[in-house]
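Note that these values count all heavy atoms, side chains included, but never hydrogens, waters or copies made by symmetry. Here is the naming used below: chain letters follow the sequence lines, and residue numbers restart at 1 for every chain. Keep in mind the model is a prediction, meaning the values are calculated, not measured.
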Amino acid sequence: MDSPGAGLYNCAARAPQPGAHPDPTMLASKAHIVTYRDDPADAEVVSHRLMARAGLIHKTGSGVYVYGPLLWRVLRKVQAIVSEELSRIGALEIQMPILQERRLWEESGRWARYVDSRTLFVTEDRKGTTYGLAPTAEEVVCDYARTSARSYRQLPLCLFQQNTKFRDEIRPRFGLLRVKEFVMKDAYSFDVDEAGLDVSYRQMRDAYFRIFRRLGLDAFAVDADPGDIGGSGSQEFMVAASAGEDAILVDPSGLYAANVEKATSRFAAPEGRDEAPRPLRVEDTPGVRTCAELHRFFPGVPPHRMVKTLIYVARHPDREDLWAVLIRGDQEVNEVKLAGHTGALSVRLATDEEVRAATGAETGFAGPIGLPPGVRVVADVTVEGMRNVLCGVNATDRHALDANPGRDFPEPFFADLRTAREGELSPVSEHRLQLRRGIEVGHIFKLGTRYSAPMNAVFVDAEGQERPFVMGCYGIGISRVAAAAVEQNHDGDGIVWPLPIAPFEVLVTAMNPTNEAQASGARRVYEALQARGVDVMYDDRDLKPGVKLKDADLIGFPYKVIVGRNFEQTGKVELKSRRTGEVELHDLDTAAGSIAARVAAERRGLPSS
RNA sequence: CGGGGCGUAGCGCAGCCUGGUAGCGCACCUGCUUCGGGAGCAGGGAGCCGGAGGUUCAAAUCCUCUCGCCCCGACCA
């Protein structure tokens with residue numbers, strides 16, 4: 001600074017100049033609009049490509065992005081809609097810390113799980129206190145609720161925040177769809193009992209449908225696995241998109257949809273369930289390991305008459321357990337379901353050495369017969385009722401034929417452990433399941449007392465007794481929503497923002513800004529729109545018409561008002577829809593009124609109300 | 001973490017095999033012309049060629065190590 005009066009401290013210098021526009025950020029020349037003609041080299045999916053080309057995002061590291069001014073407007077609009085709809089159901093917006101002490105996470109027992117899965121960013125302060133960087137906020141919100149909500153009279157309570165979250169993703173990719181740092185809305189409900197939770201959960205679910213409809217997203221709910229969050233039930237909200245990383249099985253009747261991690265289907269009753277048991281035979285099967293090889297070796301025995309035995313290692317914080325998983329030969333184990341059944345942090349197939357140590361046989365010959373006692377056994381439901389099966393006997397190069405549970409090996413415990421597949425029968429109708437891909441934009445969980453009980457987050461009920469809160473938690477990926485919106489709303493020219501979340505609703509531009517008539521006409525429309533409350537940007541840049549139009553389409557303004565040749569010749573300005581390409585002519589003086597009315601009609605993002 | 005690839009100007013890339021002191025397109029700056037779908041001409045600025053070490057008279061180029069990024073897989077609210 002060359003004088004004390006200059007720069008930052010000189011308020012007079014920052015006051016608006018006489019005649020200057022009241023909000024210069026609405027002028028394209030001042031809005032830091034930077035677009036690129038080339039796709040970034042690392043962009044795989046549409047939303048990443050277009051958001052980078054439109055200058056909405058800038059990557060500073062793997063999975064870490066700057067949100068540019070235009071994208072920030074989008075995110076704030078998404079947040080505003082979320083806030084509004086959550087307020088409608090009585091939820092209260094708060095802000096919670098990102099730094100979360102390890103001590104709290106040890107109360108809930110989640111520290112070990114998250115550190116084990118390496119999802120949590122961990123840091124410490126100068127004194128050596130260890131913190132996790134918020135991936136969600138169950139512990140913090142429980143800590144708040146247990147000290148501030150002491151009585152049932154204060155319930156139900158629902159708190160939410162919209163804040164940056166951190167997850168050390170194994171492989172960030174796809175632009176904003178999978179990142180290490182992102183904006184998420186997380187809400188937490190506190191009820192006196194399960195019935196109250198059911199009400200809160202249903203209200204939130206309904207709010208989510210409204211939110212996604214208002215955002216202009218085609219989203220649907222599917223049954224999901226609660227994963228590391230825990231709890232008794234959960235549903236994910238999915239946006240159908242080819243870039244989606246989640247596979248979903250849907251019943252075309254609309255009665256059932258579930259993430260493949262969770263999905264079930266009906267399967268045919270086991271063939272031969274009424275057969276009389278035949279005597280057990282054990283045959284030499286040199287080098288025959290897989291079901292397909294066994295079918296070749298014993299052509300009369302199809303895979304669905306075999307019981308396949310897989311040796312899994314179930315990882316717990318303090319130990320590893322060995323499991324033998326029995327499943328029909330033509331089915332596949334769903335490891336998410338298996339992890340859920342075993343209560344493990346995760347499961348993995350045992351290595352060849354581990355299989356040898358556990359069964360005494362090479363990989364490929366494990367079976368329910370002759371398993372050592374240290375190995376736990378569970379069978380998939382497809383095995384129930386099978387008779388006269390082919391299976392392993394834990395002896396290398398040997399297999400059993402006509403084995404029968406209860407006679408040749410103990411009747412196992414049955415659980416749903418199989419992976420449901422496309423084309424199988426829906427569990428609730430006669431339709432066949434179809435496979436879809438989706439982007440998870442929201443997830444709602446019934447937590448119950450999963451966190452409140454261990455953390456002693458209790459209230460005093462009407463009888464004067466202390467009871468743990470019955471909780472739910474509910475997330476929406478705000479920045480992921482923006483990317484999902486682009487996946488669902490784009491064309492060959494760029495983004496086609498749904499109007500409720502577009503960075504601006506309307507762009508006004510003069511084709512030849514050096515032409516005085518065009519420039520002043522454009523400015524008049526712009527100011528009139530602004531006066532009517534339309535979120536409008538004026539492209540005042542002295543650039544070729546083609547450049548400005550390409551930029552406008554790339555960035556995705558829902559409407560363009562074009563002032564050009566037509567205006568000079570007939571006095572009419574053009575209103576062009578980004579989505580349909582339709583053009584309407586309007587007189588300069590009446591243009592703003594009708595455009596404002598049309599924009600206002602679309603702004604709510606709902607057909608009615 | 002395993003396999004593969006890439007780091008050269010803000011972005012997209014060539015040059016590397018065969019060593020000789022850095023180039024193209026876009027973007028940016030200046031001037032003139034142009035103005036309804038990424039204009040033309042002229043001029044200009046910008047790169048310790050990811051980093052460290054080595055080989056050599058000489059390294060973007062060859063060798064070693066290292067850091068980062070991307071893709072496939074495993075994994076994950």
Side-chain angles (χ1 to χ4, degrees), chain A residues 33-45 48-49 52-55 58-64 110 113-114 116-120 134-138 165-175 177-180 182 184-186 224-231 234-238 245-246 259 261-262 315 335-336 339 345-349 439-445 447 473-477 480 492-494 509-515 518-519 541-555 560 562-569 573-574 576 581 583:
Chain A
I33 290 174
V34 182
T35 59
Y36 301 89
R37 202 177 293 214
D38 297 317
D39 289 337
D42 57 3
E44 296 270 305
V45 298
H48 186 194
R49 233 185 63 224
R53 276 193 57 206
H58 167 77
K59 186 170 71 180
T60 63
S62 179
V64 183
R110 206 158 59 133
R113 187 176 265 279
Y114 265 64
D116 177 84
S117 69
R118 311 229 310 182
T119 306
L120 192 65
T136 56
E138 282 78 1
K165 299 293 185 303
F166 296 85
R167 285 188 198 167
D168 189 359
E169 290 289 343
I170 293 173
R171 185 140 85 87
R173 57 185 137 176
F174 303 148
L177 286 175
R178 182 155 296 267
V179 289
K180 289 180 176 160
F182 54 99
M184 181 173 124
K185 184 284 299 181
D186 47 325
D225 181 82
D228 277 354
I229 295 277
S234 80
Q235 287 179 304
E236 292 167 328
F237 282 78
M238 292 286 179
E245 294 184 85
D246 286 285
N259 196 305
E261 292 179 347
K262 173 83 176 181
R315 305 182 48 256
E335 295 187 355
V336 175
L345 297 172
S346 65
V347 297
R348 62 171 171 83
L349 272 173
I439 299 166
E440 179 190 351
V441 288
H443 202 156
I444 58 178
F445 303 78
L447 294 176
C473 80
Y474 317 92
I476 291 179
R480 186 181 273 181
D493 291 317
T509 183
M511 289 296 85
N512 181 357
T514 61
N515 174 301
Q518 287 189 25
R541 299 174 301 170
D542 182 15
L543 293 171
K544 297 276 291 182
V547 177
K548 292 198 285 189
L549 293 169
K550 288 285 186 194
D551 272 0
D553 289 349
L554 178 59
I555 293 166
K560 289 188 289 281
I562 298 169
V563 183
R565 189 190 293 141
N566 218 324
F567 176 66
E568 285 188 67
Q569 290 168 357
V573 301
E574 295 160 44
K576 186 164 186 179
V583 177

For [X], all residues meeting side chain to side chain contact (heavy atoms under 4.5 Å, CB included), sequence neighbours excluded:
{"X": "A:Phe567", "answer": "A:Val563, A:Val573, A:Leu588"}
{"X": "A:Pro135", "answer": "A:Gln100, A:Trp105, A:Tyr114, A:Leu120, A:Arg167"}
{"X": "A:Glu245", "answer": "A:Arg173, A:Phe174, A:Arg178"}

Please report, rounded to the nearest Å, how far the [atom2] atom of [N] is from the [atom1] atom of [X].
{"X": "A:Ile439", "N": "B:C76", "atom1": "CD1", "atom2": "C1'", "value": "17 Å"}
{"X": "A:Ile170", "N": "B:G2", "atom1": "CD1", "atom2": "C1'", "value": "13 Å"}
{"X": "A:His48", "N": "B:C69", "atom1": "NE2", "atom2": "P", "value": "14 Å"}
{"X": "A:Lys180", "N": "B:C76", "atom1": "NZ", "atom2": "C1'", "value": "14 Å"}
{"X": "A:Glu169", "N": "B:A74", "atom1": "CD", "atom2": "P", "value": "15 Å"}
{"X": "A:Glu245", "N": "B:G73", "atom1": "CD", "atom2": "C1'", "value": "14 Å"}
{"X": "A:Asp493", "N": "B:G36", "atom1": "CG", "atom2": "P", "value": "19 Å"}
{"X": "A:Ile562", "N": "B:G36", "atom1": "CD1", "atom2": "C1'", "value": "8 Å"}

Counter-base of [N], judged by Watson-Crick or G-U geometry with both distances under 3.5 Å:
{"N": "B:G73", "result": "B:C1"}
{"N": "B:G23", "result": "B:C13"}
{"N": "B:G47", "result": "none"}
{"N": "B:U30", "result": "B:A42"}
{"N": "B:G37", "result": "none"}
{"N": "B:G68", "result": "B:C6"}
{"N": "B:U56", "result": "none"}

Side-chain-base donor-acceptor pair under 3.5 Å for A:Asn566 and B:G36: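 No, no donor-acceptor pair under 3.5 Å.
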N/O donor-acceptor pair, side chain A:Arg178 with base B:C76, under 3.5 angstrom: yes
[N] and [M]: how far apart are their [atom1] atoms, nearest whole angstrom?
{"N": "B:A74", "M": "B:C29", "atom1": "P", "value": "47 Å"}
{"N": "B:C71", "M": "B:G44", "atom1": "C1'", "value": "39 Å"}
{"N": "B:C6", "M": "B:C49", "atom1": "C1'", "value": "14 Å"}
{"N": "B:G68", "M": "B:G25", "atom1": "C1'", "value": "26 Å"}
{"N": "B:U18", "M": "B:C72", "atom1": "C1'", "value": "33 Å"}
{"N": "B:G54", "M": "B:A9", "atom1": "P", "value": "26 Å"}
{"N": "B:C11", "M": "B:C48", "atom1": "P", "value": "13 Å"}
{"N": "B:G10", "M": "B:G45", "atom1": "C1'", "value": "13 Å"}

Partners passing salt bridge (Lys or Arg N to Asp or Glu O under 4.0 Å) against [X] (at least two apart in sequence or in another chain):
{"X": "A:Lys185", "result": "none"}
{"X": "A:Glu440", "result": "none"}
{"X": "A:Arg541", "result": "A:Asp539, A:Asp551"}

Is [X] touching bases, backbone alone, or none of the nucleic acid, heavy atoms closer than 4.0 Å?
{"X": "A:Glu574", "answer": "base"}
{"X": "A:Lys165", "answer": "nothing"}
{"X": "A:Glu236", "answer": "nothing"}
{"X": "A:Asp168", "answer": "nothing"}
{"X": "A:Lys576", "answer": "base"}
{"X": "A:Thr136", "answer": "nothing"}

Could you list, one pair per line, each protein nitrogen or oxygen that sits under 3.5 Å from a nitrogen or oxygen of nucleotides 28-35 of chain B, together with the distance?
unit_1: B:C35; atom_1: O2'; unit_2: A:Asn512; atom_2: ND2; d: 3.4
unit_1: B:C35; atom_1: N4; unit_2: A:Thr514; atom_2: OG1; d: 3.4

Earlier contact from the 5' end, RNA chain B, for A:Gly564 and A:His443: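 That would be A:Gly564.
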Derivation of the side chain to side chain contact (heavy atoms under 4.5 Å, CB included) call for A:Val34 and A:His58: CA-CA 11 Å; A:Val34 182; A:His58 167 77; over 6 Å; no
Minimum heavy-atom distance between A:Lys560 and A:Ala552, given as atom pair plus value: CD-CB, 3.7 Å
Where A:Ser234 and A:Phe445 come nearest, the two heavy atoms and their spacing: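 That would be CB-CD2, 3.7 Å.
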Sugar-phosphate or base contact per nucleotide [nucleotides 6-16 of chain B; S, B, -; heavy atom under 4.0 Å]: -----SSS---
Below the 4.0 Å mark, does [N] have OP1 or OP2 next to a side-chain nitrogen or oxygen of [X]?
{"X": "A:Thr35", "N": "B:G38", "answer": "no"}
{"X": "A:Arg171", "N": "B:C76", "answer": "no"}
{"X": "A:Arg37", "N": "B:A27", "answer": "yes"}

Main-chain N/O of A:Val583 paired to A:Glu574 side chain as donor or acceptor, under 3.5 Å: no
A:Leu177 vs A:Arg480 side-chain heavy atoms within contact, under 4.5 Å: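 Yes, side chains in contact.
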Non-hydrogen side-chain atoms of A:Arg53 and A:Thr35 separated by less than 4.5 Å: no
Among B:G38, B:G36, B:C72, the one nearest A:Arg53 by side-chain distance: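 Side chain of A:Arg53 sits closest to B:G38.
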Proximity to the side chain of A:Glu335 - top-ranked nucleotide from B:G37, B:C75, B:C72: B:C75
Residues which pass side-chain hydrogen bond (donor to acceptor under 3.5 Å, both in side chains) with A:Ser346, listed by chain and number, not counting sequence neighbours: A:Arg315
